[in-house]
S.K.: 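First the structure, then my questions, so here it is.
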Protein chains: 2
Amino acid sequence: MATTPTPAAPNDLLKLENQLCFPFYAVSRQLTKAYQPYLQVLGLTYPQYLVFLLLWEHEQLTVKELGKQLLLDSGTLTPLLKRMEQKQWLSRSRDPRDERSVIIALRPAGRALESQACDIPNQILAKMNLTPPELDTLRAQLHHMLTQLT
Amino acid sequence: MATTPTPAAPNDLLKLENQLCFPFYAVSRQLTKAYQPYLQVLGLTYPQYLVFLLLWEHEQLTVKELGKQLLLDSGTLTPLLKRMEQKQWLSRSRDPRDERSVIIALRPAGRALESQACDIPNQILAKMNLTPPELDTLRAQLHHMLTQLT
DNA sequence: CAATGTTTGATTGTGCACAATCATTTTTGT
DNA sequence: ACAAAAATGATTGTGCACAATCAAACATTG
């Protein structure tokens, strides 16, 4: 006999359901969609919301630092930040001490959004029905994967 | 006294590092980047690769079915599939029995890519240093989240 | 059968995401 | 001081991703 038990036949490796990558791709997009109704009333997109998370904490950051934290390059950030500048949420200005750097600084209209956003994380978390221990292991594994991939 | 232990001060909820959403967003993009060098030699993008995973398994699917599996709408799929059609990887044709449906069928050039792609999943998995039990719980949690979010 | 509603893709417009390239500024080595 | 190298953003071009709208084909109901 010697039929292999469940050896993952060569083709099975290429089935969508057996991929680890696809659930990440799908969950990431569905999560963004879950935020959308909350962010829409504030007039901002999900990547813009991530920029705000950093600015609400640090008040001021260079494009370089934003890119390092968010793992985004200037080709993504520059137009995104220009749109946020147009809405008076932040200012873009060169660092006088190093004219290569562009400093992104929170403006009052951007600061004002913080209090309207502070309930969003819990609203989203509630939708996922994760127990605290599940959430902990999930956080740990995501962090581990991110370090492996960067 | 009565200082709360680590009550997650209101502001902490809005710190990037405390978000669950960001790791998903970041891991998803970094995973796509990890695939990129392997997919580039085949001339395809990550979403196109996902379409192929389904076509290699099913040979023929409607746009509707592709969208249901991948959680993508026609605004994303139609131009993507047209690019894949131009490369002779697949054909797009109306179903004679229901003219609303468009049938996507694998063509020889698309079938030929399968054997060149079958090692990719393991190459990526190897980069992540996950133990089999870690991988199992991760799969389970991702699946759980996806059902919660859809 | 005719009117109504539903299903299915296509189209349009906006906003990322990223590779590749370029220009400017700063730093470093001599 | 000066040339070479590195750092930092901006720009350009391609390809998703998705909301909103539209059009055609099918199904349903009276």
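Protein chains get the first letters and strands the later ones, always in sequence-line order, with residue 1 at the start of each.
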S.K.: Give, ordered by number, those residues of residues 59-77 of chain B having at least one heavy-atom distance below 4.0 Å to an atom of DNA chain C; if nothing qualifies, reply none.
M.R.: Thr62(B), Val63(B), Lys64(B), Ser74(B), Gly75(B)
S.K.: For a quick test of your reading: what N or O donor-acceptor pairs under 3.5 Å do the side chains of residues 90-106 of chain A make, sequence neighbours left out?
M.R.:
residue  : atom : partner   : partner atom : Å
Arg92(A) : NH1  : Glu85(A)  : OE1          : 3.4
Arg94(A) : NH1  : Glu99(A)  : O            : 3.2
Arg94(A) : NH1  : Arg100(A) : O            : 3.0
Asp95(A) : OD1  : Arg97(A)  : N            : 2.8
Asp98(A) : OD1  : Arg100(A) : N            : 3.0
Asp98(A) : OD1  : Arg100(A) : NE           : 3.0
Asp98(A) : OD2  : Arg100(A) : NH2          : 2.9

S.K.: Got a second to check how far Ser28(B)'s OG is from Phe24(A)'s CZ, nearest 0.5 Å?
M.R.: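 Between atom OG of Ser28(B) and atom CZ of Phe24(A) there are 8.5 Å.
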S.K.: For Arg83(B) and for Val102(A), find the nucleotide of DNA chain D with the closest heavy atom, then tell me which residue's nucleotide is more 5'.
M.R.: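 On the 5' side of the pair lies Val102(A).
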S.K.: Considering non-hydrogen atoms only, spot the tightest contact between Gln48(B) and Gly43(B) and give its length.
M.R.: OE1-O, 4.2 Å
S.K.: Treating Gln36(A) as the side-chain partner and Lys33(A) as the backbone partner, does any N or O pair qualify as donor plus acceptor under 3.5 Å?
M.R.: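 No; judged by distance alone, with no hydrogens or angles, the pair does not exist.
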S.K.: Sorted by first residue and then second, give each ring-ring contact (aromatic ring centres under 6.0 Å, His included) pair with at least one member in residues 58-112 of chain A; sequence neighbours left out.
M.R.: Phe52(A)-Trp89(A)
S.K.: Heavy atoms within less than 4.0 Å of DNA chain D: which residues of residues 22-55 of chain A have one? Give them sorted by number.
M.R.: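 Listed by number, they are Tyr25(A), Arg29(A), Lys33(A).
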S.K.: For a quick test of reading the model: is some side-chain N or O of Thr78(B) closer than 4.0 Å to OP1 or OP2 of dA10(C)?
M.R.: yes
S.K.: Over all heavy atoms of both residues, which pair between Ala117(A) and Leu42(A) is shortest? Give the atoms and the distance, please.
M.R.: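 Shortest heavy-atom separation between Ala117(A) and Leu42(A) comes out as CB-CD1, 4.1 Å.
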S.K.: Please give me the minimum heavy-atom distance between Ala26(A) and Leu71(B), naming the atom from each residue.
M.R.: CB-CD1, 4.1 Å
S.K.: Suppose we screen for ring-ring contact (aromatic ring centres under 6.0 Å, His included). Which residues come up paired with Tyr38(A), at least two apart in sequence or across chains?
M.R.: none
S.K.: Does any residue of residues 142-150 of chain B have a heavy atom under 4.0 Å from DNA chain C, and if so, which ones, in number order?
M.R.: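 Per residue number, the list is empty: none.
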S.K.: Taking salt bridge (Lys or Arg N to Asp or Glu O under 4.0 Å) as the cut-off, I'd like each qualifying pair that reaches into residues 101-112 of chain B, sequence neighbours left out, listed once.
M.R.: Glu59(B)-Arg111(B), Arg111(B)-Glu114(B)
S.K.: Which atoms of nucleotides 22-27 of chain C (N or O only) lie under 3.5 Å from a protein N or O atom, and what are those distances?
M.R.:
residue : atom : partner  : partner atom : Å
dT26(C) : OP1  : Glu99(A) : N            : 3.0

S.K.: Would you mind listing every salt bridge (Lys or Arg N to Asp or Glu O under 4.0 Å) that reaches into residues 60-84 of chain B, with sequence neighbours excluded?
M.R.: none
S.K.: Could you pull out all residues at least two apart from Ser74(B) that satisfy side chain to side chain contact (heavy atoms under 4.5 Å, CB included)?
M.R.: Thr78(B)
S.K.: Distance-only criterion, 3.5 Å: show the donor-acceptor pairs between side-chain atoms of residues 133-150 of chain A and protein atoms not counting sequence neighbours.
M.R.:
residue   : atom : partner   : partner atom : Å
Glu134(A) : OE1  : Thr131(A) : N            : 2.9
Glu134(A) : OE1  : Thr131(A) : OG1          : 3.3
Thr137(A) : OG1  : Glu134(A) : O            : 3.0
Arg139(A) : NH1  : Asn18(B)  : O            : 3.1
Gln141(A) : NE2  : Glu134(B) : O            : 3.3
His144(A) : NE2  : Gln148(A) : NE2          : 3.4
Thr147(A) : OG1  : His143(A) : O            : 3.4
Thr147(A) : OG1  : His144(A) : O            : 2.6
Gln148(A) : OE1  : Asn129(B) : ND2          : 3.1
Thr150(A) : OG1  : Leu146(A) : O            : 2.7

S.K.: Minimum heavy-atom separation for Cys118(A) and Leu13(B), please, with both atom names.
M.R.: O-CD1, 4.5 Å
S.K.: Chain A on DNA chain D: first and last contacting nucleotide, 5' to 3', under 4.0 Å to a heavy atom?
M.R.: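 Listed 5' to 3', the contact boundaries are dA7(D) to dC18(D).
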